[in-house]
Chemist: 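Handing you this structure, nothing more for now.
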Amino acid sequence: MKQAKTCAVIGSGIAGLAAAIRLQQQGFAVTVFEKNASAGGKMSELSANGFRFDKGPTVLTKPEYVEELFDLCGKRASDYWTYQAVDPIFNYFFDDGTMVRSSKDPQQFAADVEANTNASASSVLEFLKQSETKHFLTDEVFLQRSLHKIKNYFNWGTLRGILNFGKVDVFRSMNTANSKQFADQKVVDIFNRYASYNGSNPYLAPATLNVIAHYEITLGTYFSEGGIHQVVTALHRLAEEIGVQFRFNTAVKEILTNGNHATAIRTKNGLDNFDLIVSNADVYNTYKQLLPKLTEPKRFIEQPRSSSVIVFYWGMNHAFQQLGLHNMFLTNDSKQEYEHLFGTGTLYEDPTIHLTISSKMNATDAPAGQENWAALISVPHDTGQDWNALVTQSRKRMIKKLNSILNTDIEPHIVFEEVLDPPKVSTESGAAFGAVFGNSSNSMFSAFLRHPNFSSKLENLFFCGGTAHPGPGIPLCLLSAKIVSNLIEEKFKPTAE
Ligand SMILES: Cc1cc2nc3c(=O)[nH]c(=O)nc-3n(C[C@H](O)[C@H](O)[C@H](O)COP(=O)(O)OP(=O)(O)OC[C@H]3O[C@@H](n4cnc5c(N)ncnc54)[C@H](O)[C@@H]3O)c2cc1C
């Protein structure tokens with residue numbers, strides 16, 4: 001019998017799990033090395049005092065990319081994991097009492113905007129149409145394939161993108177496009193906020209990123225039954241069932257090389273040889289920590305970093321009827337907020353707060369009559385600030401804002417608290433500088449400045465995950481794993497000759 005070639009995957013984030021499943025299914029013998037005690041990386045969960053929290057992502061789009069992995073293995077996804085559409089998607093709250101709801105029905109969302117702001121329903125529907133066009137023109141070209149292989153440019157999808165380049169909207173910022181589109185600053189702020197989904201600044205990031213609205217509203221937002229960490233649990237189970245080996249509590253310390261080959265990895269247990277290596281670890285740290293002797297591709301890895309987060313996980317001994325699964329409390333001055341985040345690297349006094357309450361959908365996430373709040377604000381990545389002081393300051397500011405809009409005092413209701421800050425993002429998931437989304441997307445060339453899914457120096461080293469192409473967020477991480485498996489399929493046979 002021919003011997004299966006061996007592949008190491010470094011990291012069990014969502015992309016590492018997906019890459020491991022795809023490559024094992026292709027015929028490689030895959031071992032995943034994970035420094036933590038369990039899988040998931042940024043998609044971890046926290047359970048304490050009767051409350052359960054998803055520590056990282058809460059907005060799930062494109063669930064079919066998860067299902068595709070079960071299909072590949074001849075399994076039925078619903079035997080492992082189920083989900084349902086979310087409606088309303090977001091409740092947007094403003095300081096003056098205005099409230100807008102986004103809905104999975106674009107007509108209803110547009111009508112709600114018109115009823116509660118000075119922007120017209122037609123401006124919202126037109127925006128969503130433009131966003132759909134952006135998706136149509138960019139998905140195949142920018143997201144589904146490697147951007148860094150010349151041959152991928154010779155196809156109809158790319159030609160279509162080039163012929164319609166104006167509609168891709170790279171030459172103006174999100175804010176410029178949105179200010180022109182909507183007659184109300186509140187609605188501009190709602191749509192500008194999508195820049196934070198990849199840690200960017202809407203005053204600089206290209207209007208191409210307005211495509212994110214298409215994902216969330218038109219294609220729909222979903223709730224993973226049992227919480228989003230169930231995606232990780234289901235993929236981990238699938239991976240084990242098809243034979244992927246997992247080594248938890250086993251950080252990779254070095255990737256060894258010989259000429260243009262990665263040959264082995266070093267862990268606390270010694271050296272292990274592999275035919276292929278896929279890094280799901282942060283690209284910056286893969287070079288700096290695991291490949292210190294290799295000349296690094298500065299152009300890709302030394303781009304400006306994305307923002308990070310402070311998240312308070314609050315167990316609340318009270319149920320708040322006016323809130324839903326996803327709630328956004330918008331700042332009174334978004335320009336100031338982004339200038340603080342990306343200009344001075346400080347925190348604005350009136351932050352935008354994304355408050356997720358998964359117990360609204362999953363009753364067992366909190367004791368009866370209580371709620372699990374994950375209250376998130378964007379903050380600069382870690383450059384050595386005094387995070388203890390900033391966490392204390394943020395807590396005060398966030399509670400003040402929530403109290404004012406909800407017209408109550410929430411503090412006495414907080415019966416459990418834990419915090420995620422940039423240094424913890426860094427230690428828990430290995431993110432360089434605690435930057436949640438790798439490089440920022442604050443330039444029109446940023447899509448081309450994310451690290452490719454392969455190494456140009458080591459022919460059997462590949463990269464997947466939110467810090468490589470095509471970018472952060474669950475759908476793009478899953479696409480990065482698909483691109484890696486396609487690149488490997490083209491180049492390597494799964495069994496030894
Ligand atoms: C608070 C927060 C909210 C978010 N909200 C959303 C959202 O609503 N929707 C959305 O789609 N996305 C969201 N994201 C982004 C999303 O979570 C990430 O883009 C995605 O989970 C990143 O996955 P990844 O595959 O890149 O791996 P990561 O999750 O970054 O995991 C990398 C793994 O590699 C391991 N590792 C690193 N170095 C080593 C080493 N040397 N040896 C062994 N193991 C190593 C780490 O321990 C980790 O487990 C959010 C992120 C955060 C933090």
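Residue numbers count from 1 along this sequence. Order of listing sets the numbers, starting from 1, for every ligand and every atom in it.
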Chemist: What is the nearest protein non-hydrogen atom to atom 11 (O) of ligand 1, stated with its residue, atom name and distance?
Modeler: Ile474 N, 2.8 Å

Chemist: Indicate whether any N or O donor in one side chain lies under 3.5 Å from an N or O acceptor in the other, for Tyr287 and Glu302.
Modeler: no

Chemist: Give me the residue, atom name and distance of the protein heavy atom closest to atom 15 (C) of ligand 1.
Modeler: Phe437 CE2, 3.9 Å

Chemist: Nearest to atom 26 (O) of ligand 1, what protein heavy atom do you find, and at what distance?
Modeler: Gly466 N, 2.8 Å

Chemist: Identify, for atom 5 (N) of ligand 1, the protein heavy atom at the shortest distance, and state residue, atom and that distance.
Modeler: Pro57 CA, 3.2 Å

Chemist: Salt bridge or not for Lys62 and Glu64, using N-O below 4.0 Å?
Modeler: yes

Chemist: For Glu371, is there an ion pair with Lys360 - N to carboxylate O distance below 4.0 angstrom?
Modeler: yes

Chemist: Considering the heavy atoms of Gly41, write down every atom of ligand 1 situated less than 4.0 Å from one of them.
Modeler: 29 (O), 31 (O), 48 (C), 49 (O)

Chemist: In a check of salt bridge (Lys or Arg N to Asp or Glu O under 4.0 Å) between Asp282 and each of Arg305, Lys288, Lys42, which one passes?
Modeler: Arg305

Chemist: Tell me, which protein residue and heavy-atom name are nearest atom 38 (N) of ligand 1, and how many Å apart are they?
Modeler: Ala281 CB, 3.5 Å

Chemist: Considering only NZ, NE, NH1 and NH2 on the basic side and carboxylate oxygens on the acidic side, decide whether Glu68 and Arg22 come within less than 4.0 Å.
Modeler: yes

Chemist: Under a 4.0 Å threshold between the charged nitrogen and the carboxylate oxygen, would Glu489 count as salt-bridged to Lys482?
Modeler: no

Chemist: Can you report which non-hydrogen protein atom sits closest to atom 29 (O) of ligand 1, along with the distance?
Modeler: Lys42 N, 2.7 Å

Chemist: Compare Gly16, Ala37, Gly465, Gly13 and give the one whose heavy atom is closest to atom 33 (C) of ligand 1.
Modeler: Gly13

Chemist: For ligand 1, note which part of Val436 has a heavy atom under 4.0 Å away: side chain, backbone, both or neither.
Modeler: side chain

Chemist: Test His451 against Tyr284 for ring-ring contact (aromatic ring centres under 6.0 Å, His included), laying out the working first.
Modeler: CA-CA 9 Å; His451 194 283; Tyr284 183 95; over 10 Å; no

Chemist: Does even one non-hydrogen atom of Asn280 get within less than 4.0 Å of ligand 1?
Modeler: yes

Chemist: Step by step, would you call Ser12 with Asn280 a side chain to side chain donor-acceptor pair (under 3.5 Å)?
Modeler: CA-CA 7 Å; Ser12 65; Asn280 173 224; over 6 Å; no

Chemist: Heavy atoms only, cut-off 4.0 Å: how does Gln289 contact ligand 1, side chain, backbone, both, or neither?
Modeler: neither

Chemist: If only side-chain N and O atoms count, and only distance matters, is there a donor-acceptor pair under 3.5 Å linking Tyr203 with Ser334?
Modeler: yes

Chemist: Mind checking whether Lys55 contacts ligand 1 via backbone (N, CA, C, O), side chain (CB onward), both or neither, at a 4.0 Å heavy-atom cut-off?
Modeler: backbone

Chemist: With side chains defined as the heavy atoms from C-beta onward, is the minimum distance between Val66 and Tyr83 less than 4.5 Å?
Modeler: no

Chemist: Checking a contact table here: which protein heavy atom is nearest atom 42 (N) of ligand 1, and how many Å away?
Modeler: Val252 N, 2.8 Å

Chemist: For Ala468, state whether at least one heavy atom is located under 4.0 Å from any atom of ligand 1.
Modeler: no

Chemist: Please state which option from Ser429, Gly11, Gly471 has its nearest heavy atom closest to atom 46 (C) of ligand 1.
Modeler: Ser429

Chemist: Can you report which non-hydrogen protein atom sits closest to atom 35 (C) of ligand 1, along with the distance?
Modeler: Glu34 OE1, 3.4 Å

